[in-house]
S.K.: 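Let me give you the structure first, and then I'll get to my questions.
For ligands, and for the atoms within them, numbers begin at 1 and follow the listed sequence. Note: hydrogens, waters and symmetry copies are ignored here, and every other heavy atom, side chains too, is used.
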Amino acid sequence: MRVLVTGGAGFIGANFVRRTVETRPDVDVVVLDALTYAGDERSLDPVRDDRLVGSADLVVHFAAESHNDNSLADPSPFVRTNVLGTFTLLEAVRRHDVRLHHVSTDEVYGDLALDDPGRFTESTPYDPSSPYSSTKASSDLLVRAWVRSFGVRATISNCSNNYGPYQHVEKFIPRQITNLLDGGRPKVYGAGQNVRDWIHVDDHNDAVWAIVERGAVGQTYLVGADGERSNLDVVGDLLEIFGRDRADYDLVADRAGHDLRYAIDATRLRTELGWAPRYTSFAEGIARTVDWYRDNEAWWRPAKARTEARYAAGGQ
Ligand code: TDX
């Protein structure tokens, strides 16, 4: 089998590629990636001449602009990459009748109240809040329309917050780990009460393979590992790993429109496809992630200073 992975140099895509190459010797992987920080639709230019898609049995579409804070500062690359990029890919898989898996986010469903007993399911109405999540929601809707109108063989997954190795230092967990490695303090938006539903990136990518191999074309699957934690809980755990006081963090300016809580009900994925997460202990997963950042400073160091300078300019 030959798989084309868009965004294969990004966080989740790169973990998908590494894991696939390590565990599935029968699969050939081709990566299509802009190889710059700022993804843009040109990352999918090669698709337009069809050679890459035409020679693939499967396309897994990770390529996206993914950071909410960046989407607030400048939404335009999000529209180009997430909406036009997905459209471009859909037209290519349609022409060549190639199976597509589209990787998306739980943020398309908006947010939940802290005390809401409910969680997101596949039938929760779309209600995105940010420029980022609205462009991901748009891309999901394009995929659904191409399935219905043109018979494109596609599936969609909407996953909760990922953590693990190779995540950019702009994101919450790597930012705090690298601050702590530098002897600094975690920076928490608002009052730190926001809740995210954390899943290890390997568990997410195992779910992607389960959907590709056993999922129903046209279906959407929510991916989550029952990992709800407040941002203050996460920061407290990280501080403890570093032998620091759990209260040794700074509260900084809140994100505009900041989603309060995400929570995934992954019953369909678990019961219909038999998927289960292997990282059931957040404490263990996060400790291994801290070790990875400690051992791989050369990977994250180049982006750290400019990322922090950007946050500092915004009071964060
Ligand atoms: O320094 C920070 N301090 C802080 O308190 C940063 C960077 C974030 N936060 C908060 C904001 C969120 O409540 O931590 C939480 C997580 O923030 P992010 O890592 O920016 O993730 P989030 O906005 O939840 O979106 C992530 O999960 C869904 C990914 O970035 C998205 O691409 C994915 O779709």
S.K.: Does the Lys NZ or Arg CZ of Arg175 fall within the cation-pi geometry relative to Tyr249 - under 6.0 Å from the ring centre and within 45° of the axis?
M.R.: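 Geometry flag: not set, cation outside 6.0 Å or 45°.
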S.K.: Using heavy-atom distances, let me know which of His258, Gln193, Lys171, Gln316 sits nearest atom 30 (O) of ligand 1.
M.R.: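 Considering heavy atoms of His258, Gln193, Lys171, Gln316, the nearest to atom 30 (O) of ligand 1 sits in Lys171.
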S.K.: Measure from NZ or CZ of Arg19 to the centre of the six-membered ring of Trp209, then state whether that distance is under 6.0 Å and the direction lies within 45° of the axis.
M.R.: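 Pair Arg19/Trp209 does not count as cation-pi.
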S.K.: For Asn82 and Thr135, test the side chains for any donor-to-acceptor distance below 3.5 angstrom and give the result as yes or no.
M.R.: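 Side chains of Asn82 and Thr135: pair found under 3.5 Å.
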S.K.: Going through the checks in order, is the ring-ring contact (aromatic ring centres under 6.0 Å, His included) test met by Phe172 and Tyr189?
M.R.: CA-CA 10 Å; Phe172 178 57; Tyr189 293 175; 7.9 Å; no
S.K.: Within a distance under 4.0 Å of any heavy atom of Asn194, pick out the atoms of ligand 1 and give their elements.
M.R.: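 Those atoms are 13 (O).
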S.K.: Do ligand 1 and Asp69 have nitrogen or oxygen atoms that lie under 3.5 Å from each other?
M.R.: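 No.
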S.K.: Please write down residue, atom name and distance for the protein heavy atom closest to atom 32 (O) of ligand 1.
M.R.: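 For atom 32 (O) of ligand 1, the nearest protein heavy atom comes out as Ser66 O, 2.8 Å.
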S.K.: Are there more than 12 heavy atoms of other residues, nucleotides or ligands under 6.0 Å from atom CZ of Arg255?
M.R.: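 Yes, the 6.0 Å shell around CZ holds more than 12 heavy atoms from other groups.
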S.K.: Distance alone, cut at 3.5 Å: any donor-acceptor contact between the side chains of Thr105 and Lys136?
M.R.: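 The criterion, which ignores hydrogens and geometry beyond distance, is not satisfied for Lys136 and Thr105.
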S.K.: Considering only the protein, which heavy-atom contact is closest to atom 24 (O) of ligand 1, and what is its distance?
M.R.: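 Result for atom 24 (O) of ligand 1: Arg196 NE, 2.7 Å.
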S.K.: Among side-chain atoms of Arg268 and Thr121, is any donor-acceptor pair under 3.5 angstrom?
M.R.: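 Looking only at side-chain atoms, Thr121 and Arg268 do not form any donor-acceptor pair under 3.5 Å.
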S.K.: Starting from atom 3 (N) of ligand 1, find the nearest protein heavy-atom neighbour and note its residue, name and distance.
M.R.: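 Answer for atom 3 (N) of ligand 1: Lys187 O, 2.8 Å.
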S.K.: Looking only at protein heavy atoms, which one is nearest to atom 28 (C) of ligand 1, and how far off is it?
M.R.: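 Scanning the protein heavy atoms, the shortest distance from atom 28 (C) of ligand 1 goes to Glu107 OE2, 2.9 Å.
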S.K.: Counting non-hydrogen protein atoms only, what is the nearest one to atom 5 (O) of ligand 1? Give residue, atom name and distance.
M.R.: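 The closest heavy atom on the protein side is Tyr189 N, 2.8 Å.
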S.K.: With a cut-off of 4.0 Å, which atoms of ligand 1 are near a heavy atom of His67?
M.R.: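 Numbered from 1, ligand 1 contributes 20 (O).
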S.K.: Side chains of Glu170 and Asn70: do they bring a donor and an acceptor to under 3.5 Å?
M.R.: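 Asn70 and Glu170 do have a side-chain donor-acceptor pair below 3.5 Å.
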S.K.: Could you check which of Asp106, Thr105, Asn161 puts a non-hydrogen atom nearest to atom 26 (C) of ligand 1?
M.R.: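 Looking at heavy atoms only, Asn161 sits closest to atom 26 (C) of ligand 1.
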S.K.: Can you find an N or O of Arg175 that's nearer than 3.5 Å to an N or O of ligand 1?
M.R.: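 The answer is yes, given that Arg175 and ligand 1 share an N or O pair closer than 3.5 Å.
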S.K.: Any sub-3.5 Å donor-acceptor pair from Glu122's side-chain atoms to Leu222's backbone N or O?
M.R.: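 Judged by distance alone, yes, a pair lies under 3.5 Å.
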S.K.: Would you say CZ of Arg288 has more than 12 non-hydrogen atoms from neighbouring residues, nucleotides or ligands within 6.0 angstrom?
M.R.: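 Counting other residues, nucleotides and ligands, CZ of Arg288 stays at 12 neighbours or fewer.
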S.K.: What atoms of ligand 1 come within less than 4.0 Å of a heavy atom belonging to Gln176?
M.R.: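 Heavy-atom distances to Gln176 below 4.0 Å select 1 (O), 2 (C), 3 (N).
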S.K.: Compare Tyr163, Tyr262, Phe172, Phe11 and give the one whose heavy atom is closest to atom 4 (C) of ligand 1.
M.R.: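 Going through Tyr163, Tyr262, Phe172, Phe11 one by one, Phe172 has the nearest heavy atom to atom 4 (C) of ligand 1.
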S.K.: Going by the atom numbers of ligand 1, which of them fall below 4.0 Å from some non-hydrogen atom of Glu170?
M.R.: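 That gives atoms 7 (C) of ligand 1.
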S.K.: Within the 4.0 Å heavy-atom shell around Asn68, which atoms of ligand 1 are there?
M.R.: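 Here the atoms of ligand 1 in question are 22 (P), 23 (O), 25 (O).
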S.K.: What's the shortest heavy-atom distance between Tyr126 and Ala137, and which atoms?
M.R.: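 Looks like CD2-CB, 3.6 Å.
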S.K.: If every non-hydrogen atom of Arg270 is compared with every non-hydrogen atom of Gly224, which pair is closest and at what distance?
M.R.: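 Closest pair (atom of Arg270, atom of Gly224, distance): NH2-O, 4.4 Å.
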S.K.: Kindly identify the option in Lys136, Glu308, Arg255 whose heavy atom sits closest to atom 20 (O) of ligand 1.
M.R.: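 Considering heavy atoms of Lys136, Glu308, Arg255, the nearest to atom 20 (O) of ligand 1 sits in Arg255.
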S.K.: Is there at least one pair of N or O atoms, one from Tyr311 and one from ligand 1, spaced under 3.5 Å apart?
M.R.: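 In fact, backbone or side chain, Tyr311 has no N or O that close.
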S.K.: Check each atom of ligand 1 against the heavy atoms of Val188 and keep those under 4.0 Å away; list them by number with element.
M.R.: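 That gives atoms 5 (O) of ligand 1.
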S.K.: So which protein heavy atom does atom 34 (O) of ligand 1 come closest to, and at what separation?
M.R.: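 The answer is Tyr132 OH, 2.5 Å.
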S.K.: For atom 10 (C) of ligand 1, which candidate among Leu260, Asn231, Ile173, Val169 provides the closest heavy atom?
M.R.: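 It is Asn231 whose heavy atom sits nearest to atom 10 (C) of ligand 1.
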